[in-house]
Q: 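There's a structure below that I have some questions on.
Below, read A as the first sequence line, B as the second, and so on, with proteins coming before strands; counting in each chain starts at 1.
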Protein chains: 2
Amino acid sequence: MKDVTCPDSPLADLCRQRGLKLTGQRRTIAFVLSDSDDHPDVEELYRRAVAVDPRISIATVYRTVRLFEENGILQRRDFGGGRARYEVADGEHSDHYHLIDASTGKVIEFENAELNALLDSIVREKGYDLVTTRLSIVGRRKAGGED
Amino acid sequence: MKDVTCPDSPLADLCRQRGLKLTGQRRTIAFVLSDSDDHPDVEELYRRAVAVDPRISIATVYRTVRLFEENGILQRRDFGGGRARYEVADGEHSDHYHLIDASTGKVIEFENAELNALLDSIVREKGYDLVTTRLSIVGRRKAGGED
DNA sequence: GTAGTTGCAAACTTTTTGCCGCGCA
DNA sequence: TGCGCGGCAAAAAGTTTGCAACTAC
């Protein structure tokens with residue numbers, strides 16, 4: 001009995017496109033991920049997935065997250081703090097970066113074309129083609145800034 | 001009996017300057033670190049330290065590395081691969097970045113003034129003061145490059 | 001029908017911690 | 001001499017895996 005606990009999602013489609021079996025658990029995890037615009041770690045992902053369908057174990061979340069990463073569906077990020085965090089890989093080219101608030105740990109995403117170009121030229125000059133950039137800037141809110 | 005297993009080192013001095021007790025183990029670890037220009041993880045550090053003085057436990061390496069980090073002597077880096085890696089913090093301002101060879105995993109350090117300036121202005125524009133930058137670029141050696 | 005997937009619990013890996021004797025300042 | 005440090009081994013925290021049952025295709 002195919003007992004659908006949650007609807008399809010863009011990530012579920014991607015999953016099919018890559019020829020991966022779309023099990024109930026994967027559909028759920030894909031749904032949760034499609035619905036997230038932050039950078040959850042595995043435990044947080046597990047919490048959200050269980051809220052949708054309690055028949056998911058954390059081992060499955062780990063396995064799925066790894067599978068999705070290997071298939072270019074997810075990207076692993078490391079913001080310090082010991083646990084891996086994940087976000088949807090937005091195709092080859094909307095490179096974005098992370099500004100981390102030093103006091104709150106909050107992650108702010110941003111893009112910057114000039115930065116893209118500069119990084120590209122630096123790497124090229126050293127004889128490499130740019131594959132991925134991982135940039136996190138830790139910053140402290142300037143005195144006089146709004147709360 | 002003060003039984004010196006290894007000489008003082010720039011990091012040992014720094015250690016004293018911060019008012020930290022300079023024990024034999026710390027001197028050894030400081031020595032090993034001063035002597036390293038790569039990015040060892042704790043286990044590698046432990047291996048190198050034990051080679052100098054076998055009376056060191058891995059717990060001490062963990063404790064020392066954390067202590068040094070808290071005192072701005074070391075910086076923790078995350079190149080993926082699960083374990084934290086460390087390098088000597090070169091004072092406030094010789095910010096440098098890492099280019100990681102996608103095929104070999106080799107880490108190439110570089111500096112770039114233009115990049116420093118651009119990052120600084122980006123962060124400032126968002127109302128923050130730059131504290132630290134963590135930038136790793138993964139690149140693949142261009143076809144036709146030397147080996 | 002079958003190969004691939006899941007849940008569970010146990011194993012593993014990396015890092016932290018409690019306790020007590022010891023060494024640095 | 002006193003307070004903090006280090007060794008040891010056990011515990012925590014995060015992640016992976018073996019196995020038998022199950023499910024998508």
Q: Could you tell me whether the phosphate oxygens of dT17(C), OP1 or OP2, come under 4.0 Å of any side-chain nitrogen or oxygen in Arg66(B)?
A: yes
Q: Report the distance from atom CG of Leu67(A) to atom C1' of dT6(C), rounded to the nearest whole Å.
A: 13 Å
Q: Quick one about Tyr86(A) and Asp38(A) (side-chain donor to acceptor, distance below 3.5 Å, no hydrogens or angles considered), yes or no?
A: no
Q: Nearest-nucleotide wise, let me know which of Gly24(A) and Ala59(B) is further upstream toward the 5' end of DNA chain D.
A: Ala59(B)
Q: Checking all strands, does Ile56(A) fall into the base, sugar-phosphate, or nothing category for heavy-atom contacts under 4.0 angstrom?
A: sugar-phosphate
Q: Closer than 4.0 Å, any side-chain N/O of Tyr62(B) to the OP1 or OP2 of dT15(C)?
A: yes
Q: Output the rounded distance in Å from CZ (Arg27(B)) to P (dA25(C)).
A: 7 Å
Q: Ignoring hydrogens and angles, state whether a donor on the side chain of Tyr46(A) or Asp41(A) is under 3.5 Å from an acceptor on the partner side chain.
A: no
Q: Starting at CG of Leu20(A) and ending at C1' of dA24(D), how long is that distance when rounded to a whole Å?
A: 12 Å
Q: Among residues 43-52 of chain A, which contact DNA chain C at a heavy-atom distance under 4.0 Å?
A: none
Q: OP1, OP2 of dG4(D) versus side-chain N and O of Thr23(B): anything below 4.0 Å?
A: no
Q: Over how many whole Å does the gap from Arg76(A) atom CZ to dT16(D) atom P extend?
A: 7 Å
Q: Output the rounded distance in Å from CD1 (Ile58(A)) to P (dA10(C)).
A: 17 Å
Q: Using a 4.0 Å heavy-atom cut-off across all strands, classify Leu22(A) as base, sugar-phosphate, or nothing.
A: sugar-phosphate
Q: Indicate yes or no: at least one non-hydrogen side-chain atom of Val50(B) is less than 4.5 angstrom from one of Arg55(B).
A: no
Q: With a 4.0 Å limit, can you tell me whether Gln25(B) has a side-chain N or O closer than that to the phosphate oxygens OP1/OP2 of dC24(C)?
A: no
Q: Spell out, as yes or no, whether a donor-acceptor pair under 3.5 Å connects the side chain of Ser121(A) to the backbone of Leu118(A).
A: yes
Q: Can you tell me the distance, in whole Å, between the CZ atom of Arg26(A) and the P atom of dT23(D)?
A: 15 Å
Q: Return the value, rounded to whole Å, for the distance between atom OH of Tyr86(A) and atom C1' of dG14(D).
A: 11 Å
Q: Counting only heavy atoms not in Glu114(B), do more than 12 fall under 6.0 Å of its CD?
A: no
Q: Does the side chain of Arg55(B) get closer than 4.0 angstrom to OP1 or OP2 of dG6(D) through an N or O atom?
A: no
Q: Under 4.0 Å between a side-chain N or O of Thr60(B) and OP1 or OP2 of dG6(D)?
A: no
Q: Whole Å only: how far is the CG atom of Asp8(A) from the C1' atom of dA24(D)?
A: 14 Å
Q: Any side-chain heavy atom of Val65(B) sitting closer than 4.5 Å to one from Arg76(B)?
A: no
Q: Counting side-chain heavy atoms from CB outward, which of dT15(D), dA25(C), dA24(D) is closest to Lys21(B)?
A: dA25(C)
Q: Within the 4.0 Å heavy-atom criterion, would you say Arg63(A) contacts the bases, only the backbone, or no part of the nucleic acid?
A: base
Q: Within this structure, what is the CG-CZ distance for the pair Leu74(A) and Arg85(A), rounded to the nearest 0.5 Å?
A: 14.0 Å
Q: Does one side chain, of His39(B) or Glu87(B), offer a donor that lies under 3.5 Å from an acceptor on the other?
A: yes
